[in-house]
Amino acid sequence: MLCVRPVSQLSPSNPNFRCEKMAMRRLLLFLKPFDANPVLHSDGFSRVTSPQILRHLENRHAVHREAIKFCKDVLQQKPVDWEAVFRNDLSEPISNVDLVVTVGGDGTLLQASHLLDESIPVLGVNSDPTQVDEVEEFGNQFDASRSTGHLCAATVNNFEQVLDSVLSGVASPSKLSRLSISVNSELLTKYPLNDILIAHPCPASVSRFSFKIRNEQPCSPLLNCRSSGLRISTAAGSTAAMRSAGGFPMPILSRDLQYMVREPMTPGKLSNFMHGMVLSDQSIEMAWLCNDGVIYIDGSHVCHPIQYGDVIEISSKAPSLKVFLPHHMLYTAREETSEQHTYPK
């Protein structure tokens with residue numbers, strides 16, 4: 001249900017009307033579920049035996065719940081119409097709103113991006129940021145890291161300030177590149193914001209495929225690969241799994257792509273082509289040569305099956321996504337656009 005503010009509360013004379021330039025808007029609050037990291041079995045017994053780990057997980061649950069309540073309370077005071085929905089309860093494309101506010105981490109923002117076209121911007125709120133002192137205290141006992149919010153511009157500490165800058169038009173969204181994927185010339189409806197992994201569904205099995213980089217003419221040799229799969233990332237995804245695998249971070253607003261053959265077997269003289277760039281005017285064409293395969297989109301939750309002989313084409317020609325970036329990332333992006341960037345060799 002849309003939460004509609006009474007007309008009297010939308011008047012500039014109302015003390016809650018803080019931004020003179022603020023226009024009426026329709027917002028969608030897109031929420032990570034409370035049970036995304038369940039602590040208890042359905043019978044009430046804990047899955048965890050360590051008291052410290054149990055307290056950590058329970059605290060994460062409570063912090064996320066409070067963050068959602070805080071964001072709702074802030075929106076109640078704004079001259080906007082809004083509704084809240086948990087991310088698992090929405091699978092249809094998002095429309096008829098002016099802004100999507102995600103509350104969770106990067107995973108929640110990524111899931112929202114799969115339902116958005118290029119007309120609706122998204123603002124990410126990291127509901128449970130990692131606490132450095134907590135990691136230092138418990139890091140040698142368990143993983144005390146919390147939510148990753150690389151693309152989230154806000155936390156509860158600055159949500160109202162960031163929201164006001166968005167609603168008043170002071171802040172502008174950045175256009176992030178997404179991946180376009182076609183299988184046998186049929187375009188997939190999901191546009192990955194981070195990356196894709198094309199691999200055998202069994203991680204212990206060898207993936208067999210060939211690929212080349214194309215523009216008007218092939219500009220790379222045909223590579224016949226036996227490996228653990230092929231990963232392709234956008235600039236936004238270059239700091240995620242791609243970087244963990246040995247890739248390099250790219251300027252966030254770049255429309256180029258980065259690819260990497262995972263654990264290639266005997267690459268030989270073509271080893272220099274196992275990791276490289278796909279420029280914005282190029283595409284990567286791949287032939288799948290196993291009976292079974294999967295295209296994993298932005299992680300493991302969204303996937304598309306492929307089979308022997310399928311031809312997959314990937315480029316950055318997908319509609320971009322409008323994202324309100326964190327201030328430090330936006331500052332870095334401005335610096336990068338003012339200078340010529342060269343990628344590592």
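- The closest side-chain heavy-atom distance from V100 to T102 is below 4.5 Å.
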**Message:** Apply side-chain hydrogen bond (donor to acceptor under 3.5 Å, both in side chains) to residues H64 and S127 and explain how you reach the verdict.
**Reply:** CA-CA 5 Å; H64 176 61; S127 63; 2.7 Å; yes
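- Classified by interplanar angle (parallel below 30°, tilted 30° to 60°, perpendicular above 60°), the ring pair F159/F70 is perpendicular.
- The minimum heavy-atom distance linking S119 with K322 is given by the pair O-NZ, 4.3 Å.
- Y296 and I232 are members of different hydrophobic clusters when ILVMFWY side chains are connected at heavy-atom separations under 4.5 Å.
- Residues L321 and E118 are not in side-chain contact: their nearest non-hydrogen atoms beyond the backbone lie 4.5 Å or more apart.
- In this structure, the side chains of L27 and L163 come closer than 4.5 Å at one or more pairs of heavy atoms.
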**Message:** Determine whether D195 and T234 satisfy the following criterion, side-chain contact (heavy atoms from CB on, under 4.5 Å), listing intermediate values before the conclusion.
**Reply:** CA-CA 6 Å; D195 56 26; T234 63; over 6 Å; no
**Asked** Can Q258 and F248 be said to form a side-chain contact (heavy atoms from CB on, under 4.5 Å), step by step?
**Response** CA-CA 9 Å; Q258 187 176 169; F248 51 84; 3.5 Å; yes
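- Taking the six-membered ring wherever Trp is involved, the centroid distance between the rings of F30 and F86 does not fall below 6.0 Å.
- Contact check for L28 versus V101: no side-chain heavy atoms found under the 4.5 Å cut-off.
- The main-chain N or O of V311 is found under 3.5 Å from a side-chain atom of N184 such that the two form a donor-acceptor pair.
- H114 NE2 to R178 CZ: the interatomic distance, rounded to the nearest 0.5 Å, is 8.0 Å.
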**Message:** Apply side-chain contact (heavy atoms from CB on, under 4.5 Å) to residues I306 and D292 and explain how you reach the verdict.
**Reply:** CA-CA 6 Å; I306 53 176; D292 300 308; over 6 Å; no
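- P121 and L99 get closest at one heavy-atom pair: O-CD1, 3.6 Å.
- Contact check for V261 versus H275: no side-chain heavy atoms found under the 4.5 Å cut-off.
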**Item:** Residue pair Q111, H301: steps toward the side-chain hydrogen bond (donor to acceptor under 3.5 Å, both in side chains) verdict
**Value:** CA-CA 9 Å; Q111 191 164 343; H301 297 295; over 6 Å; no
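- Judged purely by atom type and a 3.5 angstrom limit, Q161 has no side-chain atom pairing as donor or acceptor with the backbone of N158.
- A parallel orientation is assigned to the rings of F142 and F138, their planes being inclined by less than 30° (bins at 30° and 60°).
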**Message:** Could you walk me through whether F211 and W288 satisfy the side-chain contact (heavy atoms from CB on, under 4.5 Å) test, starting with their C-alpha distance in whole Å, then the side-chain angles of each, then the deciding distance to 0.1 Å, before giving a yes or no?
**Reply:** CA-CA 9 Å; F211 75 95; W288 185 249; over 6 Å; no
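- Of all heavy-atom pairs between P251 and A235, the closest is O-CB, 3.1 Å.
- Panel note: side chain T148, backbone H150; no donor-acceptor pair is recorded below 3.5 Å.
- The two residues A236 and L193 come nearest to each other via the heavy atoms CB-O, 3.8 Å.
- Under the 4.5 Å side-chain heavy-atom criterion for ILVMFWY residues, a single connected hydrophobic cluster contains both V85 and I94.
- The existence of a salt bridge linking R25 and D81 is excluded, since no basic side-chain nitrogen approaches an acidic carboxylate oxygen closer than 4.0 Å.
- The minimum heavy-atom distance linking N88 with P33 is given by the pair ND2-CG, 3.4 Å.
- Side-chain contact check for S316 and R255: no donor-acceptor pair (N or O, by modelled atom type) lies under 3.5 Å.
- Within a 6.0 Å sphere centred on NZ of K317, other residues, nucleotides and ligands contribute more than 12 heavy atoms.
- In the hydrophobic clustering of ILVMFWY residues, with side-chain heavy atoms under 4.5 Å counting as a link, L197 and L110 come out apart.
- I181 places a side-chain heavy atom less than 4.5 Å from the side chain of I312.
- In terms of heavy-atom proximity, L257 sits nearest to S315 at CD1-C, 3.7 Å.
- For the side-chain contact (heavy atoms from CB on, under 4.5 Å) criterion with Y191, the lone passing option out of S113, S320, S177, P319 is P319.
- At a threshold of 4.5 Å between non-hydrogen side-chain atoms, the residues S283 and I314 do not count as touching.
- Using a 4.5 Å heavy-atom threshold, the side chains of K212 and R214 count as touching.
- Using modelled atom types, one finds no donor on one side chain facing an acceptor on the other under 3.5 Å when comparing N194 with D298.
- A search for side chain to side chain donor-acceptor pair (under 3.5 Å) contacts involving R146 returns N59, D128, E134, not counting sequence neighbours.
- Side-chain rings of F209 and H200 stay apart, their centers remaining 6.0 Å or farther from each other.
- Contact check on K78 versus E160 returns a salt bridge, with a Lys/Arg side-chain nitrogen under 4.0 Å from an Asp/Glu carboxylate oxygen.
- Looking at N126 and T155, their side chains never bring a donor and an acceptor atom within 3.5 Å of each other.
- In this structure, CD1 in I196 is found 6.0 Å from CD1 in I295, a value given to the nearest 0.5 Å.
- For the residue pair E263/S227, the side-chain donor-acceptor check at 3.5 Å is not satisfied.
- Judged purely by atom type and a 3.5 angstrom limit, S238 uses its side chain to pair as donor or acceptor with the backbone of M250.
- By the rule that hydrophobic residues join a cluster once side-chain heavy atoms approach within less than 4.5 Å of another member, V162 and V74 end up as members of one cluster.
- A single hydrophobic cluster is not seen to contain both M242 and I213; linkage of ILVMFWY side chains at heavy-atom distances under 4.5 Å, directly or through other members, places them apart.
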